[in-house]
Amino acid sequence: MASLFHARAYNEGMSEQFTIAGRTFRSRLMIGTGKYRSFQEMVACHEASGAEVVTVAVRRVNLTDKTKESMLDHIDRSKYFLLPNTAGCYNVDDAVRTARLGREVGLSNWVKLEVIGDEKTLFPDVYGLVEATRILAKEGFVVLPYTNDDLITARKLIDAGAAAVMPLAAPIGSGLGIQNFAALRILREQITEVPLIVDAGVGTASDACIAMEMGFDGLLLNTAVAAAKEAVLMATAMNHGVAAGRSAFLAGRMERRLYASASSPLTGIIA
């Protein structure tokens, strides 16, 4: 019983909390706001996901015209931590300006930083990303950059002041799942100074579970839920997938073996 109690206490104290820049979150799942069929569906999905962090594209929301309905009208900021992002920015100046705008209108001094380098793949411009991270970190932003799966880039982002690193698992919105296991494993083994959050490519709950089983600290997704046939049900599945994957990582999987090993030992049986 003592070991069971210890396991429960460990899971409650560790697996469902993680800290970025001194702020602690219960849920390791972050969720987006785009592509939903309605604001009502978005609200229901956020609730079902169990997420605390909701990311919003600064350039795609109504920030000034109070007479028009805004996505922000449907996000309860007493329940969710708002994470502005710079989606749609293709150079350093645009990304920095967009982050500043989000802070000026009262969204947050946190930013999920995107500096896109290619319109078709939406892969990041890593050189611009490092530079924008350096600028914003010096201005007091908590910067969470969306990046590729390259270890050297991740280190440069940390040196530039990133509070977390968010590598892609596959192209944004592709739903392909984790395509780069080796690179992500290397990142997980080598990057320990800041949280690592898988961002982009997840298509279903098993992808989320695998990412967490690999030891990543968190997961950000949007399209996998918004584009599902039953979006609210998928949000629920993602909630469970992240929790199950984290618990499995903490538990430590059995050693892989090439040959069979009997579940019941042969010693001590009646001949």
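These numbers come from a predicted model, not from an experiment.
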Least distance between heavy atoms, A44 atom then V232 atom: CB-CG2, 3.7 Å
Spacing of CG belonging to L187 relative to CG belonging to L196, to within rounding of 0.5 Å: 6.0 Å
Heavy-atom side-chain contact between N239 and S27 under 4.5 Å: no
Student check: side-chain heavy atoms of R103 and E139 closer than 4.5 Å: yes
From OG (S261) to CD (E255), nearest 0.5 Å: 10.0 Å
Electrostatic pair E213-R253, nearest N-O below 4.0 angstrom: no
Euclidean distance, Q190 CD relative to I152 CD1, rounded to 0.5 Å: 9.0 Å
K156/D159 salt bridge by N-O under 4.0 Å criterion: no
D199 vs L144 side-chain heavy atoms within contact, under 4.5 Å: no
T86 side chain vs L113 backbone, donor-acceptor pair below 3.5 Å: no
R28 side chain vs I197 backbone, donor-acceptor pair below 3.5 Å: no
D150 side chain vs T153 backbone, donor-acceptor pair below 3.5 Å: yes
Interatomic spacing from CG in L219 to CZ in R246 - rounded to 0.5 Å: 12.5 Å
Cluster check L220, F18: I/L/V/M/F/W/Y, side chain < 4.5 angstrom: yes
Option among T133, L129, I135 that satisfies the side-chain contact (heavy atoms from CB on, under 4.5 Å) test with E131: I135
Single-linkage hydrophobic cluster, 4.5 Å side-chain cutoff, V126 and F123 together: no
H240 side chain vs A235 backbone, donor-acceptor pair below 3.5 Å: no
Gap separating the CG atom of D76 from the CG atom of L82, nearest 0.5 angstrom: 11.0 Å
Smallest separation among heavy atoms of I210 and I178, with atom names: CG2-CD1, 3.8 Å
Side chain proximity check, W110 to I20, heavy atoms < 4.5 angstrom: yes
ILVMFWY network linking Y90 to V58, side-chain heavy atoms under 4.5 angstrom: no
Ring geometry between H74 and F39 (parallel below 30°, tilted from 30 to 60°, perpendicular above 60°): parallel
Over all atoms of both residues, closest heavy-atom pair of A170 and Q179: CB-CG, 3.9 Å
Backbone N/O of M214 and side chain of R188: donor-acceptor pair under 3.5 Å: no
Inter-residue atom distance N148.CG - T121.OG1, 0.5 Å rounding: 10.5 Å
Same apolar cluster: V92 and L101, side chain cutoff 4.5 Å: no
Heavy-atom closest pair, residues R155 and I191: CG-CD1, 4.0 Å
Pairwise side-chain contact, T55 with N222, heavy-atom cut-off 4.5 Å (strictly under): no
CA sep, side-chain torsions, deciding dist, call: I31, M238, side chain to side chain contact (heavy atoms under 4.5 Å, CB included): CA-CA 10 Å; I31 196 164; M238 291 297 186; over 6 Å; no
Note, M42 side chain near M71 side chain (heavy atom, < 4.5 Å): yes
Stepwise side chain to side chain contact (heavy atoms under 4.5 Å, CB included) test for N180 and L168: CA-CA 9 Å; N180 45 1; L168 55 82; 4.2 Å; yes
salt_bridge(D149, R185) N-O dist < 4.0 Å: no
Minimum side-chain heavy-atom gap Y146-K112 below 4.5 Å: yes
Student check: side-chain heavy atoms of L221 and L29 closer than 4.5 Å: yes
Donor-acceptor contact below 3.5 Å, side chain S247 vs main chain A244: no
Hydrophobic cluster identity match, Y80 and V242, side-chain contacts under 4.5 Å: yes
Shortest non-hydrogen contact between V225 and C45, atoms and distance: CG1-SG, 3.7 Å
Minimum heavy-atom distance between A211 and V198, given as atom pair plus value: CB-CG2, 4.2 Å
